[in-house]
Amino acid sequence: MKYEVHIGGKTRVVELAWSSERWSVSLDGVALDADAVEIATNTFSILLDGESYEVRVAPLPDGSLTLHTGLAEYVAEVADPRGWRGRRHGALEAEGRQQIAAPMPGKVVRLLVQAGDAVEVGQGLLVVEAMKMQNEIRSPKNGRVEKLFASEGQAVNAGEILAWVD
Amino acid sequence: MKYEVHIGGKTRVVELAWSSERWSVSLDGVALDADAVEIATNTFSILLDGESYEVRVAPLPDGSLTLHTGLAEYVAEVADPRGWRGRRHGALEAEGRQQIAAPMPGKVVRLLVQAGDAVEVGQGLLVVEAMKMQNEIRSPKNGRVEKLFASEGQAVNAGEILAWVD
Amino acid sequence: MFRKILIANRGEIAVRIIRACRELGIKSIAVFSDVDRNSLHVRLADEAYPIGPAPSRESYLCIDKLMHVARRAGCDALHPGYGFLAENPALPRACSDAALTFIGPTAEAMEALGSKTAGRSLARGVDVPTVPGTNEPIENPEEARALAQRMGFPVLLKAVAGGGGKGMRLVSNDEEFLPAFRDASSEAMNAFGNPSVFLEKYLEKPRHIEVQILADSHGRVVSLGERECSVQRRHQKVIEEAPSPIMTPELRKRMGDAAVRIARAGGYVNAGTVEFLVDTHYNYYFLEMNTRLQVEHPVTEQVTGLDLVKLQIAIAAGHRLPFAWESITPRGHAMEVRLYAEDPENNFFPSPGKIISRRAPSGPGIRLDEGVYSGWIVPMDYDPLLAKLIAWGNSREETIARLRRALEEYSVTGIKTNTALFRRILAEPDFLRSEIHTKWLDELLKRPHTAPDSNSRSADAAAIAAALWHVSHESSTAPNEPEKDSRWKMDGRNRQLDRTP
Amino acid sequence: MFRKILIANRGEIAVRIIRACRELGIKSIAVFSDVDRNSLHVRLADEAYPIGPAPSRESYLCIDKLMHVARRAGCDALHPGYGFLAENPALPRACSDAALTFIGPTAEAMEALGSKTAGRSLARGVDVPTVPGTNEPIENPEEARALAQRMGFPVLLKAVAGGGGKGMRLVSNDEEFLPAFRDASSEAMNAFGNPSVFLEKYLEKPRHIEVQILADSHGRVVSLGERECSVQRRHQKVIEEAPSPIMTPELRKRMGDAAVRIARAGGYVNAGTVEFLVDTHYNYYFLEMNTRLQVEHPVTEQVTGLDLVKLQIAIAAGHRLPFAWESITPRGHAMEVRLYAEDPENNFFPSPGKIISRRAPSGPGIRLDEGVYSGWIVPMDYDPLLAKLIAWGNSREETIARLRRALEEYSVTGIKTNTALFRRILAEPDFLRSEIHTKWLDELLKRPHTAPDSNSRSADAAAIAAALWHVSHESSTAPNEPEKDSRWKMDGRNRQLDRTP
């Protein structure tokens, strides 16, 4: 099996083959001395030329993966020849305007702008409260508030779109 | 659902009914103020009149269950009206003679008796080695070694019958 | 000694108190809101009772519900932990009405010392210097703004009832003053049910150093030494250590004496913490007194060998302090990091959700005070503190090495945590030299941070693991399933959990 | 200092050494047999290499394979841990041939002190009393039997190369002598590759007290104080504590000096332990010297604050001991219990298998040195030590209370463990008064033991849980599935694990 893994700003090509009771692995076309086993659900122990790595995998809302090693965390996207429904398509959707999404479940406690307002990059758009902390969500770009989906007092979910800035 | 639970030398009757998002429980015909949830696989948190108990369940080779609480361990057998294949039947099989089973996987390093020998209760029958420890397996009764299934040097599995004493 | 103690709290501190009770042979009685039925403190307590819906104002902040549980369970004492009602004088009052021993100071001492404004005037009364500022809650924002102009910016706005940086704002110029005042008040109202804030001069590069004191009900007050808590993000402590690297025996003595004077003046009993700011010339200014157990109490426990929670209980039971200040010999160095469910890469937004996997560190010199477990769902309703990781060593260097080692072993997936932040801080030269102040971390976080080098072998391993994960999951669960992890979905899962089997 | 250390061991001690290396910034190189690919020490090490099939004689006892890995990985030092080759002089010899620093004594010191018989004559040479017995390995069993008759029964047979009670037998009368001799020899052969055993007079009600020493390569030898290890089952330590409850400063001084004399006489370097028997009149007799790190070293670490493994590495690197004996001030009390995969209800038979669930204790005063994790399969091929649970407290009483509390929190299911044994011991009045000796536990275990009261609420909860478990499983997995949990089946599962995804 052949996969494209987008990680750390690079695209790596991982080839996996199951033979004689273990995975043989090649990376970017180079065969590796790798011994990879799933120690527990979502946890892989990988020996690369003897170097021991433990990688714990967790999926993200957008379908990409977080990868924890003892010392670092990575975010990766995996694609295989058959492609992967949803994400690429989703990425396309985002183009043409900046969508402002709620990064966690919470409550909108204050709107700082209205639809149609001109905003600068870094300017506060609205304030979301979760776990007693108030956090101001800022504009990612100079532009105009095209649409405002959130209203004060509204409970919002992770990933929920709050506004469009164009 | 109604179950007979054989535990601590007693037989308890447990009735379970799923209603309004939780289990209602009665024990030996008495309805309890119980709040029981499965915290994790094989781990149950049970509040009995507010008293908090955590019970971790693990099955035994003979089909009975070990139940760990913080302070105690129990062994239980569960039967329901439909009965439970295997175990009861297995219990019957054992009757008529004493079967000597290997309590863990290991290797038979020495036979101390031969088929036909008269043995007393507590007398050594054979020596099994596992994890570098040698352990003598003793006769549970006065009687005769009816059959000897194990031979020196033989690897044996947990629960494997080594001898019959009658 | 007490028979049954009601623990009016949740999370890691409830677990901490349960452990102290168990070691003393006292029954621990937990309370839980609807979203906390499966929480660790409920699993570990001797008894546990529901007290209502998730919002703390309808559960953990309801004194009447707590009193009801105390009566039902037959408790003879109550431990408030920290946060929630711990600094609310109404709780000790309700306890005495219910003939329940409150494990903490009297309501009067709380009022005399707990409120920042009252505490500061009391401190001045016993010749302990304080930071210039308004002594009273701000009635008129415009007047306060004028005063700020006279004192000169930057100034700090602080909630009178506050703590933990909530309801606190730094105002660096005139324009910011009124919006900052509004934010601080509303945050204070939400967090403490009291919108009052006051004004204070902002010192340059101050260190936050606090003194742990113990006072028994027989008039003995002792200082257990200081904690250095200067590594803060937006006024919230993230790393604490003891002793303070800048401390001298003389300064320790002077600050300890000042702390004891303040506690005496307020008629204080039980464990408390006197917070100071220390400027670059080693002048110290009384900041406030926390009339409760601190989140960071373990670092003092690790260097003194004392169990502060057990001592709190003994003091409440009328025992005399079993030692004199002289007999306490701090040993080695201790450091604590606060592990939060928040995303350092994304403005430290809280990150509630289900813990998919968890690996806990252990071994020599490592202590983990934790309130979570694998499979548990971190609720969005409360402070996102997951655990406190505490290391002890013979030297600050050994302690930091152990903390680094333990952080490598620690892993929680499924939610974001701030472990990467600590990996970064513990490698910073300034931090290793302890050249830090209360704004140091905020400044550090403004600087660009280089991501892990994706050429390293660990990135290779991560890429391979990502592909392996894909192999094992493409057939089974939909990859973007978590996308729908809304709060309601989580509650759904909660119920699902209840329903199983 | 070293760059890479090869850890010639497995399980919790390999993990312990990995942690020390990481804190020192040294790369840790692990080795593993076929059944240990998924073991914790492989997960945590910086590098890990296979060294053959499960039987230790084909893997962990193969010096040539270890040397091969050391060369391949470019190691500059080797730590043997305990057990396996730790006391085999061939290992340090092979290391010096390979220009690899052995972290431990020289082969010569091992031979002079390690063998019980040699050690005893050396001890006599420096006026340290020893237990009467044969000084030489037994050549002729009949002669030895005659000597035993002259000395008078009971006598002990002990493996010359021995340790950990393996190859040891108590002989209480003439008839038992020859069969006991055969068992001891064959067990010694299996465990140490050396069948030699010797004979020793058996003392009544002796306590086992050992002294931890450190010797650097510059001639300084210091004693770090004693450990009380009298709670033993069939000559195997199950609970250790420091300090010994019967110790006086005078006796500590005398035994410490004796230990240092013996170490000096043998030209000993690095960490070692001098074991004594102490009779009811406080006379001490040299028993043997363990020329390696002890399983129970953590209790000394907890009361001294020293990290013995890091000190071993520093000594091997030629560092001078950073302190004088005078400067070591033991603080408080520490106690360790050895958690084994064995069944106390069934003659302590080993209980290998898959760990279904695991709950680990933590919090104040608790340290867990562990080699397992949930989902891991405990192999049948090695010593069944799962973890060491260590508690520290200001007093022996507080330490025991914490140990009890932590044991309540600790749980491993799927395999049998001996936790129930410790719950029982820690409640025994004799133990609480520390009126114990090396046979105390064996005698206790002969007495009838009352099972947990099935009228208690916890039995009710257990019954309910059993029914709930049945609900959730009757439809799914066959209840008697584990019946087929043979070793081969387990390996099958191992492969299954490898195959996933």
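To find a chain, count down the sequence lines: A is the first, B the second, and so on, and within it residues start at 1. Values below: all heavy atoms of this structure, side chains included; hydrogens, waters and symmetry mates excluded.
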For the residue pair D:Thr417 and D:Tyr410, confirm or rule out a side-chain donor-acceptor distance under 3.5 Å. no
Pair D:Glu409-D:Ile366, side-chain contact (heavy atoms from CB on, under 4.5 Å): steps then yes or no: CA-CA 11 Å; D:Glu409 295 177 16; D:Ile366 295 304; over 6 Å; no
Region of A:Leu48 that comes under 4.5 Å of a non-hydrogen atom in chain D: neither
Select one option (side chain, backbone, both, neither) describing which atoms of A:Glu51 are under 4.5 Å from chain D's heavy atoms. both
Quick check on D:Ala45 against chain A: is it the side chain, the backbone, both or neither that has a heavy atom closer than 4.5 Å? backbone
Salt-bridge present (A:Glu54, A:Arg56; N to O < 4.0 Å): yes
Bottom line for A:Thr43: the part with an atom under 4.5 Å from chain D's heavy atoms is side chain
Any salt bridge between D:Glu47 and D:Arg72, counting N to O under 4.0 Å? no
